[in-house]
Structure formats: C-alpha cells, structure tokens
Amino acid sequence: MVTIHDLTPVSEFEWEIPADARKGMRVGVRLFATRRLLEAVLKDNAVQQAVNAASLPGLAGPVVVMPDMHQGYGFPIGGVAATALPDGVISPGGIGYDINCGVRLMASAVPLEAAQPYLERLVTALDQHCPSGVGTAGSLRLSDADLEKVCRLGAGWAQQRGWATEMDLRRCEDGGCLPEADPASVSPRARERGRTQLGTLGAGNHFIEVGVVEDVYDLEAAQAMGLEPGCLTLMIHCGSRGFGHQICTDAVQSLQGAVRRYGISIPDRELVCAPLDSPEGRAYLGAMRSAANYAFANRQILAHQARLAFEAALAGVVRNFHLHLVYDITHNIAKLETHTLNGRAQRVCVHRKGATRAFGPGSPDLPPEYAHTGQPVLVPGSMGTGSWVLAGTAESMERSYASSCHGAGRVFSRSQAKREIRGEALLRALEKQGIQVRAGSMGGLAEEAPQAYKDVDEVVRTVCGAGITRKVARLRPVAVVKG
DNA sequence: ATGTCC
C-alpha cells in the first residue's frame with residue numbers, strides 16, 4: 001500500500017516516487033497534485049496502479065499521473081506512460097475501455113441573454129437530435145463497407161457525407177483520423193455492435209452541455225478560439241460506444257496469451273500487454289485506431305446533429321446561431337509521437353488514459369490558427385460545476401509527455417454515488433441553479449453527481465500551477481443532456 | 001465506459 005510517506009514533494013503541485021521505491025519498478029512516478037487532492041486519491045488504488053504501471057517493459061521515462069487521477073482497470077485514469085522500441089509494449093489497460101473517449105467544444109456568437117427565453121426549447125431539440133442512453137442505436141445502419149470506411153477515415157467519413165467542413169477536420173486532434181487503422185483486426189462481434197451506434201452519445205459521464213463563456217484569462221488565445229465572453233458554447237463528451245468497448249474486451253482477452261508467449265512479467269493481470277512490434281501488439285494497435293476513428297466520426301456526427309438542433313430551436317428568433325468548432329481532443333488513446341527524453345529525440349508510444357494531449361506553441365501538429373496559443377485542452381467539470389479551456393505549454397513537452405488533465409476525476413465510485421445520492425434531488429438542485437437538464441435515468445444522474453467528483457477548479461489550479469497548461473477561459477453550464 | 005453476465 002502506498003502512503004503519503006512514499007511520496008517526495010517536488011513543489012506545491014508535484015510529487016515523485018523514485019524508481020527504487022518498490023520492487024519491480026523500472027522507472028519512477030511523477031504525480032501532479034496538491035496535498036489535498038493526493039490525500040483524497042490515496043484512499044483508492046490509483047497511486048498503487050501508477051507504481052504497477054512503472055514496471056511495464058520498455059518505458060522511456062517516468063509514469064506521469066494527473067491531479068484528476070482515480071482508480072481504473074489496471075492502470076490509473078489520469079495516467080500517462082511512454083514506451084519505446086525495441087522492448088516497449090502496448091497495454092489496453094493504459095488506454096481504457098472507451099477508446100478515444102474525448103471532448104469537442106463548439107462556440108457561437110449568441111449572447112446568453114438573447115437565447116435565454118429559448119433555452120428549454122434548445123435543450124429539448126438537442127435531446128431529440130442526439131440519441132443517448134446505454135445500448136441506444138442511432139439512425140444509421142452501417143454496411144460492412146461503410147464501417148470499414150469509418151475505421152479508416154474517422155471524421156473524414158462524416159465529411160464525405162456532408163456532415164463536416166474542412167475547418168471541422170482541421171480543428172480535430174490528428175485531423176480527426178489516426179493513420180494505419182486496421183479494420184481487419186476488429187472482431188465480428190465489435191463490428192456488429194458498432195453498426196448501429198454511430199451518431200449516439202451513450203451514457204455514464206457522457207453528455208452534451210450548453211455553456212456560456214464566463215471568465216477569460218487569456219484574451220488573445222480566447223479570440224483565436226472564437227470564445228466570446230457571455231456567448232453560448234456547446235461541449236460534447238463521448239467516445240467509441242460499444243464498438244471500442246468490445247475491441248478493448250477482445251484485446252484484454254487475447255493479450256493474456258501474448259503475456260505468456262513473450263514471458264512478460266506484470267504485477268497485475270489487468271496490465272496485460274504485448275510488444276509494440278509483435279503480431280498481437282500490431283493487431284491491437286490496428287483495432288484500437290479503428291475505434292479511435294469511429295469515435296472521431298461519432299463526435300463529428302453528433303456535432304452536425306447539434307447544429308441542426310440549434311437551427312431548429314433558434315432560427316428566426318436569434319441571429320448568428322452557427323456553432324464553429326474550437327477543437328476536438330481525445331483523452332483515452334495510445335499514439336506514436338516524438339519526444340525529447342534525456343536530451344535525445346525518441347519515437348515513443350504515449351498511452352494517455354484520462355489525460356489530454358497538450359502540445360505547446362509552435363508544434364507542427366497544430367492548425368495554423370493555434371500555432372501561437374498552443375493546443376486547446378478541454379476540461380469538462382462535474383455536472384453543473386463549470387468547464388475549462390486551457391492551452392498546452394512548452395513545459396508540458398518537457399514534464400508530462402505533452403499531456404495535461406482531462407476532467408474533475410471521481411472521488412467515489414458509481415455504486416457509492418448511487419447509494420448516497422438521489423437523482424431526483426440532484427435534478428431539482430441543478431434546476432434551482434438555472435441549469436436545464438434532460439436525463440435518461442435518475443440512477444444515471446446520481447452516479448454523476450458533483451459530490452462524487454473532485455473540485456475541477458483545484459485540478460486546473462494544479463496543472464496550471466505546475467505549468468503543464470495555462471488557463472484560457474472558464475465556461476458556466478446552462479443546460480445539459482445526459483443518457 | 002459497457003447490449004453493467006453469453
């Protein structure tokens with residue numbers, strides 16, 4: 001068991017566990033957290049899981065953990081690990097079940113005051129245009145050929161259908177498409193689940209939130225992103241639905257064999273993995289990229305549906321209701337990137353699980369309009385508490401494999417939240433705050449209660465205090481759609 | 001997160 005005494009403070013916002021702290025560790029662990037956040041997470045298994053992850057073969061540097069960390073499958077949510085050839089592995093636990101779960105932020109020039117009388121109509125329209133809930137099918141029924149195209153093209157598939165602009169794609173991480181997806185490595189069962197779910201939101205912590213730009217901390221960056229104080233925004237949080245879930249399930253099963261065949265020693269069977277250049281590792285990478293592209297297409301289609309909902313609710317009564325894409329990020333993914341480690345540029349496989357890429361200014365992977373601001377980093381808070389727009393920094397390139405936090409992060413489990421919180425009472429409390437809510441189930445709402453999450457403002461204070469991102473703007477929620 | 005157990 002890891003206690004606060006195993007952690008060496010580096011600053012108010014950063015801690016270290018040295019590589020020789022525990023048997024089996026190959027690298028150290030670097031944690032970004034305040035003492036208060038750390039004490040909360042030491043009650044669950046997240047830090048121990050980071051220590052376990054530090055024993056994976058072929059790590060190129062320390063395992064990094066973000067302040068919104070909490071316990072996940074094998075590997076902590078909020079964790080970042082970089083592995084390198086020749087010994088490096090890929091581990092599905094380091095990515096998560098919801099492959100390319102991510103966040104898309106859109107913004108408008110509609111002042112809240114102008115839209116206020118139509119908010120109820122707007123949230124109803126969003127609820128009708130964006131199907132949500134566990135197991136929910138959308139209106140699309142993909143043929144085998146179309147599903148393969150979605151796997152290969154990502155958001156580009158939506159563009160072919162007329163549901164995305166060139167600017168939409170440019171403002172997605174990786175242009176909304178990871179190269180070298182291999183749909184042939186996707187099981188028939190995953191394909192069957194994926195066929196009907198494109199263009200759906202899902203459940204759990206997935207949501208669509210209408211917000212208003214409340215506070216601006218970096219005027220130049222906010223202007224570059226088209227974030228106008230007092231105007232409406234729309235945030236979509238969702239992933240690859242049953243398709244990605246099945247791909248992860250299949251990989252966790254099949255990589256158990258790889259661990260045996262390659263004689264890999266792991267401290268927790270949930271850390272199953274395979275060498276990056278093995279047939280098993282390559283097959284998972286190809287399937288994972290297929291799920292990632294499915295999720296990019298999913299968020300793009302939901303964005304198109306949200307634009308139709310804005311039109312349905314606001315056309316004729318509010319001017320300039322167009323929603324432009326600010327950015328689309330993924331926070332559950334592994335990607336091949338070049339990072340400078342120990343003074344030398346290295347090609348590494350960066351696993352980010354509940355962590356957001358945060359490229360600094362001047363990165364060649366950013367669209368030109370963000371060359372000076374750095375990558376937009378989108379941080380949804382817990383329901384009703386506000387969300388943040390941050391930007392990547394040069395510091396993140398050096399300290400965290402160009403990564404930052406992804407949200408508030410749980411402090412207690414879904415089951416505990418369900419036991420302790422009444423969905424109906426929460427709904428009334430949110431409405432009292434002036435937040436319109438459309439929720440598929442009261443139990444599901446209770447699971448996502450703000451009391452079950454850490455304080456997103458403290459999480460953001462930590463990553464900005466540590467210098468791995470900087471504040472751009474804070475968004476206040478005015479309406480939310482949940483599965 | 002998830003057709004929350006094929």
Side-chain angles (χ1 to χ4, degrees), chain A residues 44 46 49 68-79 91-104 131-138 140-142 147 186-208 236-254 270 287-288 290-292 294-296 298-299 302 329-334 351-356 380 382-383 406-410 412-419 423 439-449 452-453 481-483:
Chain A
D44 74 19
Q49 288 183 326
D68 48 338
M69 73 184 95
H70 58 108
Q71 189 179 322
Y73 181 85
F75 188 102
I77 291 159
S91 176
I95 292 155
Y97 271 84
D98 190 3
I99 296 164
N100 189 4
C101 184
V103 182
R104 165 176 292 233
S132 64
V134 179
T136 297
L140 295 168
R141 296 289 175 274
L142 298 178
L147 183 61
V186 175
S187 71
R189 196 166 172 194
R191 288 162 190 255
E192 211 43 58
R193 291 180 72 175
R195 203 177 300 287
T196 60
Q197 293 192 328
L198 199 64
T200 65
L201 187 62
N205 67 358
H206 290 166
F207 63 79
I208 293 176
I236 299 171
H237 178 210
C238 69
S240 50
R241 308 288 285 103
F243 186 65
H245 191 275
Q246 189 63 48
I247 286 169
C248 183
T249 303
D250 294 339
V252 163
Q253 174 70 34
S254 72
E270 293 185 354
M288 183 210 64
S290 302
Y294 184 101
F296 279 130
N298 194 31
R299 286 193 292 274
L302 284 166
I329 60 94
T330 161
H331 51 227
N332 279 5
I333 198 86
H351 296 64
R352 295 189 182 92
K353 182 190 196 179
T356 308
S382 51
M383 200 168 24
H406 87 305
R410 282 192 169 276
F412 54 85
S413 68
R414 292 177 186 286
S415 52
Q416 192 182 345
K418 225 168 182 167
R419 274 198 307 276
S441 86
M442 285 303 120
L445 199 67
E447 287 182 5
E448 298 305 319
Y453 281 85
V481 176
K482 291 193 62 67

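Note that these values count all heavy atoms, side chains included, but never hydrogens, waters or copies made by symmetry. To find a chain, count down the sequence lines: A is the first, B the second, and so on, and within it residues start at 1.
The OH atom of A:Y73 sits 17 Å away from the P atom of B:dT4 (whole-angstrom rounding). In this structure, A:I77 places its CD1 atom 13 Å from P of B:dT2, rounding to the nearest Å. A straight line from CZ of A:F243 to P of B:dT2 spans 14 Å, rounded to a whole angstrom. Computed from coordinates, the A:K482 NZ to B:dT2 P distance equals 10 Å when rounded to whole Å. To the nearest angstrom, P of B:dT2 lies 16 Å from CG of A:D250. Atoms NE2 (A:H245) and C1' (B:dC5) sit 12 Å apart, rounded to a whole Å. In this entry the distance linking CG of A:D98 with P of B:dT4 reads 15 Å, nearest Å. The interatomic distance linking A:R241 (CZ) with B:dT4 (P) rounds to 12 Å, in whole Å.
Position along DNA chain B of the nearest nucleotide to A:V134 versus A:R410 favours A:R410 as the more 5'-ward residue.
Phosphate proximity of B:dT4 to A:R414: absent, as no side-chain N or O sits under 4.0 Å from OP1 or OP2.
Here A:E448 lies in heavy-atom contact (under 4.0 Å) with sugar-phosphate atoms only. As judged by a 4.0 angstrom heavy-atom cut-off over every strand, A:G204 is placed among residues touching the sugar-phosphate backbone only. Residue A:E192 is out of contact with every strand shown, counting any heavy-atom pair closer than 4.0 Å.
Between A:H237 and A:H406, the ring center distance fails the sub-6.0 Å criterion.
Checking A:S187 against A:D250 by side-chain atom types alone, a donor-acceptor pair falls below 3.5 Å.
When the side-chain contact (heavy atoms from CB on, under 4.5 Å) test is applied to A:R414, the partners found at least two apart in sequence or on another chain are A:R410, A:E447, A:E448. For the salt bridge (Lys or Arg N to Asp or Glu O under 4.0 Å) test, no residue two or more places apart in sequence or in another chain qualifies with A:E270.
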